[in-house]
S.K.: 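Input: one structure, supplied below.
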Amino acid sequence: MNGILEFLKNLGAARVAAMGAVALGLVGFFVYIILRMSQPQMALLFSDLTLEDSAQIVKELERRQVRFQLRQDGAQVFVAQEQVARVRLQLAETGMPRGGGVGYEIFDKGDALSSTSFVQNMNQLRALEGELARTIRGIERVQTARVHLVMPERALFSRERTEPSASIVLRVRGGLEPQQIRAVRHLVASAVRGLSPQRISIVDESGRLLADGAGDAAGMMGTSIDERRASQERHLREQVESIIASVVGPGRARVRVAADMDFNRITQTSDDFDPERRVVRSTQTREEQSSSGEGRDGQVSVGNELPGANQTTPQQQNASREASRKSEETVNYEIARTQRTEVTEGGRIKRVSVAVLVDGIYARDAQGNVNYQPRPAEELERIGALVRSAIGFDQRRGDQVEIVNLRFAEAPQLAAPEAPKPWWMIYDLTKEDVRYAIELVVLLIVSLLVMLFVVRPLLRRIVTPDPPPALPAPVSRAASSDAEATDERPAVKAPPIAPGMESATMKMIEMAQIKGEVHQASLAKVGELVEKNPHETVSIIRQWLHDAEAK
């Protein structure tokens with residue numbers, strides 16, 4: 001301890017303070033590095049959260065004592081990467097995230113007995129709206145959804161009944177296809193009793209009307225006439241481009257389609273009669289009989305009926321009696337009749353024109369230059385046949401297909417020989433792994449720079465003692481006079497040493513070295529005495545100066 005205290009006294013208060021500051025700085029720096037390296041790697045737990053869901057998730061994580069981070073104003077929640085799956089399962093067990101709406105879990109509170117019918121109806125409506133919004137968010141490109149249902153109540157003693165309606169607000173990534181819009185409308189209509197797809201309107205976050213809920217057939221399609229025409233043209237163009245790209249390569253063909261469409265809705269009813277095809281519809285038959293006679297021969301009486309009475313023969317009776325008979329038959333026939341009703345919906349294609357621009361063939365020669373060659377006519381004919389088959393070509397309606405082979409302004413980038421993959425591509429590294437490795441490298445470089453350019457110079461300056469002030473050593477007058485004589489003596493070049501005198505010279509050199517070491521040790525001892533006894537040293541020097549002035 002005495003040695004340590006003596007060392008600290010020799011360093012001085014300033015140096016000890018500097019050493020303490022450097023030590024504290026190093027400790028803090030390495031503590032920061034250790035803490036930074038010991039922090040777990042954070043991974044995304046949930047994203048695109050509403051403020052309500054984010055608050056509930058944070059509360060649940062704090063209750064479970066799970067470390068988390070919030071980013072993008074609470075829309076994203078990060079937890080340790082090894083805890084992502086477990087935390088998601090735990091939160092899913094509690095029904096989170098709920099998607100910013102209330103579903104059928106609103107009836108889990110168990111207060112149905114104390115609530116009124118109005119509250120129950122409102123809760124049912126809220127639950128249905130929340131469940132529909134969650135289902136719609138499951139569709140691709142849909143970020144958030146909000147559903148409003150109008151379920152009118154039928155008034156007492158009223159024969160008229162108002163149909164329910166719905167309005168949906170969507171926040172989408174990019175845009176929705178017409179099929180997706182129709183799917184949303186039919187999804188909601190199927191989930192609500194009495195709701196028709198025509199009574200559903202859809203609006204996106206920019207205020208653009210995606211589907212009209214006016215109840216007409218045009219609004220049912222979800223798009224206007226121009227949009228339907230553009231959609232049909234885009235559909236045909238994608239079909240043609242996909243089949244041509246498989247032949248000439250991706251990006252080496254340009255396709256434009258112009259479709260003339262008829263959006264008139266036509267209902268046609270026709271009756272056809274075939275006179276050759278007859279069918280008996282009904283048959284009516286009528287018969288009439290009448291008879292008349294003269295005299296009483298043919299009359300029935302008691303006398304005629306008595307035995308032995310006069311009887312006449314049948315010929316005699318017919319001769320005196322007149323009889324008539326009439327028969328009629330009416331037959332009704334039905335002519336074969338065919339009744340046909342045709343309904344032609346709007347959106348029929350009347351005429352299609354397709355223009356296809358195809359690039360040529362590029363190849364590298366032996367020198368590595370890219371050469372262009374036009375495509376042969378046979379290949380263009382085969383491409384034209386594929387295009388006509390893809391669009392359903394009909395010459396009777398005036399369809400046109402034009403294929404032109406021209407060189408594009410920008411030549412394609414021909415693939416160079418595939419180079420071997422670098423060693424870091426062998427491992428399946430994610431973005432988080434690369435980011436973590438970069439952080440480690442940066443911290444290592446910063447640590448080395450701090451050690452080399454900050455810590456090392458400070459430690460060297462602190463540990464190295466200041467050189468003691470040079471003091472004149474006490475020498476005798478004879479030595480000083482000899483030294484003066486030696487200094488005043490001109491320098492004479494030493495003669496070369498003979499081979500016989502080499503041993504004697506070496507001995508003299510060794511003696512001189514020994515004397516120099518003794519002299520250096522004496523100077524060091526004198527310096528140490530001066531440092532330990534500064535007052536006595538000053539007194540001795542003053543005495544020497546006084547004696548020299550007296551002499």
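Values reported hereafter were calculated over all heavy atoms of this structure, with side chains retained and with hydrogens, waters and symmetry mates removed. Fair warning: this is a prediction, and the values are worked out from it, not measured in the lab.
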S.K.: Would you give the length of the straight line joining atom CZ of Arg375 to atom CD1 of Ile361, rounded to the nearest 0.5 angstrom?
M.R.: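 Arg375 CZ to Ile361 CD1: 5.0 Å, rounded to 0.5 Å.
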S.K.: Between Arg382 and Glu379, is the closest basic N to carboxylate O distance under 4.0 Å?
M.R.: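 Salt bridge: no.
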S.K.: Report, as yes or no, whether the 6.0 Å neighbourhood of atom CZ on Arg171 holds more than 12 heavy atoms from other residues, nucleotides or ligands.
M.R.: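 Not buried by this count: 12 neighbours or fewer within 6.0 Å.
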S.K.: Val343: which residues meet the side-chain contact (heavy atoms from CB on, under 4.5 Å) condition with it, sequence neighbours left out?
M.R.: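 Partners of Val343 under the side-chain contact (heavy atoms from CB on, under 4.5 Å) test: Arg265, Thr267, Glu345.
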S.K.: Taking C-beta and beyond as the side chain, do Val248 and Ile383 meet within less than 4.5 Å on heavy atoms?
M.R.: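 SC-SC contact between Val248 and Ile383 confirmed.
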S.K.: Compare every heavy atom of Gly398 with every heavy atom of Arg351, then report the nearest pair and how far apart it is.
M.R.: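 Result for this residue pair: NE-O, 3.0 Å.
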S.K.: Which atom pair, heavy atoms only, marks the closest approach of Ile244 to Ala253?
M.R.: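 So the two residues come closest at CG2-CB, 3.6 Å.
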S.K.: Where do Glu163 and Arg199 come nearest, in terms of heavy atoms and distance?
M.R.: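 Shortest heavy-atom contact: O-NH2, 3.6 Å.
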S.K.: Ion pair present between Lys59 and Glu62, side-chain N to carboxylate O less than 4.0 angstrom?
M.R.: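 Answer for the salt bridge query: no.
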S.K.: Mind running side chain to side chain contact (heavy atoms under 4.5 Å, CB included) on Val401 and Ile403 for me, showing each step along the way?
M.R.: CA-CA 7 Å; Val401 175; Ile403 300 177; 4.2 Å; yes
S.K.: Roughly how far, to the nearest 0.5 Å, is the CG atom of Leu91 from the CZ atom of Arg86?
M.R.: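 Answer for the CZ-CG pair, Arg86 versus Leu91, is 10.0 Å.
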S.K.: Would you confirm whether Asp204, through its side chain, and Leu170, through its main-chain N or O, come within 3.5 Å as a donor-acceptor pair?
M.R.: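 Such a contact is absent between Asp204 side chain and Leu170 backbone.
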S.K.: Look up atom CD in Gln69 and atom CG in Leu61, then write down how far apart they are to the nearest 0.5 Å.
M.R.: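 With rounding to 0.5 Å, CD (Gln69) is 12.0 Å from CG (Leu61).
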S.K.: Going by heavy atoms in the side chains, are Ile391 and Gln239 under 4.5 Å from each other?
M.R.: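 Side chain of Ile391 against side chain of Gln239, heavy atoms only: no contact under 4.5 Å found.
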S.K.: Quick check: are there more than 12 heavy atoms from other residues, nucleotides or ligands sitting under 6.0 Å from CD of Glu288?
M.R.: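 Yes.
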S.K.: Is the count of non-hydrogen atoms from other residues, nucleotides or ligands lying under 6.0 Å from Gln179 atom CD greater than 12?
M.R.: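 Correct, the count exceeds 12.
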S.K.: Atom CG in Leu386, atom CD1 in Ile243: separation rounded to 0.5 Å?
M.R.: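 Going from CG on Leu386 over to CD1 on Ile243, the span is 4.5 Å.
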S.K.: At their closest point, which heavy atom of Arg397 faces which heavy atom of Ile349, and how far apart are they?
M.R.: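 Closest approach of Arg397 to Ile349, heavy atoms only: NH1-O, 3.6 Å.
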S.K.: Out of curiosity, Asp359 CG to Leu406 CG, how far, rounded to the nearest 0.5 Å?
M.R.: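 The distance works out to 9.0 Å.
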S.K.: Please give me the minimum heavy-atom distance between Glu205 and Val172, naming the atom from each residue.
M.R.: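 For Glu205 and Val172, the tightest heavy-atom pair comes out as OE1-N, 3.4 Å.
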S.K.: Heavy atoms, side chains only, cut-off 4.5 Å: are Glu140 and Glu177 in contact?
M.R.: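 They are not in side-chain contact.
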S.K.: For the pair Phe408 and Leu357, evaluate side chain to side chain contact (heavy atoms under 4.5 Å, CB included) and give the outcome as yes or no after the intermediate values.
M.R.: CA-CA 9 Å; Phe408 285 7; Leu357 177 61; 3.7 Å; yes
S.K.: Quick one: do Ile202 and Leu176 satisfy side chain to side chain contact (heavy atoms under 4.5 Å, CB included)? Show the steps, please.
M.R.: CA-CA 11 Å; Ile202 303 177; Leu176 293 180; 5.8 Å; no
S.K.: Counting only heavy atoms not in Glu329, do more than 12 sit closer than 6.0 Å to its CD atom?
M.R.: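 Yes, the 6.0 Å shell around CD holds more than 12 heavy atoms from other groups.
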S.K.: Looking at Asp260 and Lys350, would you say the former's side chain and the latter's main chain have a donor-acceptor pair under 3.5 Å?
M.R.: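 Pair absent, no side-chain N/O of Asp260 close to backbone of Lys350.
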S.K.: In terms of side-chain geometry, is the basic nitrogen of Arg64 or Glu60 positioned less than 4.0 Å from the acidic oxygen of its partner?
M.R.: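 Salt bridge: yes.
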S.K.: Counting C-beta onward and ignoring hydrogens, is there a side-chain heavy-atom pair between Phe46 and Ile57 closer than 4.5 Å?
M.R.: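 Side-chain contact under 4.5 Å: yes.
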S.K.: Between Ile136 and Val188, is the side chain to side chain contact (heavy atoms under 4.5 Å, CB included) condition met? List the steps.
M.R.: CA-CA 9 Å; Ile136 294 173; Val188 177; 4.0 Å; yes
S.K.: Above 12 or not: heavy atoms from other molecules or residues under 6.0 Å from CZ of Arg325?
M.R.: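 No, because the 6.0 Å sphere around CZ of Arg325 holds 12 heavy atoms or fewer from other groups.
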S.K.: Any non-hydrogen side-chain atom of His235 less than 4.5 Å from a side-chain atom of Ser231?
M.R.: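 SC-SC contact between His235 and Ser231 ruled out.
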S.K.: So, Glu233 side chain and Ala259 main chain: donor-acceptor pair closer than 3.5 Å or not?
M.R.: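 Answer holds: yes.
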S.K.: Just verifying a value: how many Å separate Arg134 CZ and Glu131 CD, rounded to the nearest 0.5 Å?
M.R.: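 The CZ atom of Arg134 sits 5.0 Å away from the CD atom of Glu131.
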S.K.: Quick check: do Gln124 and Gln120 have side-chain heavy atoms less than 4.5 Å from each other?
M.R.: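 A side-chain contact under 4.5 Å is absent here.
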S.K.: Under 3.5 Å, is there a donor-acceptor pair between the side chain of Arg193 and the main chain of Ser190?
M.R.: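 Side chain of Arg193 to backbone of Ser190: no pair is present.
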S.K.: Could you report the tightest heavy-atom contact between Leu128 and Ala191, atom names first, then the distance?
M.R.: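 Answer, listing the atom of Leu128 first, then Ala191: CD1-O, 4.3 Å.
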S.K.: Keeping the roles fixed (side chain from Arg71, backbone from Gln76), state whether a donor-acceptor pair exists under 3.5 Å.
M.R.: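 It does not hold such a pair.
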S.K.: Less than 4.5 Å apart, side chain to side chain, heavy atoms only: is that true for Leu70 and Val77?
M.R.: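 Leu70 vs Val77: side chains touch.
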S.K.: Do Arg348 side-chain atoms and Asn264 backbone N/O form a donor-acceptor pair below 3.5 Å?
M.R.: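 Yes; at least one donor-acceptor contact below 3.5 Å.
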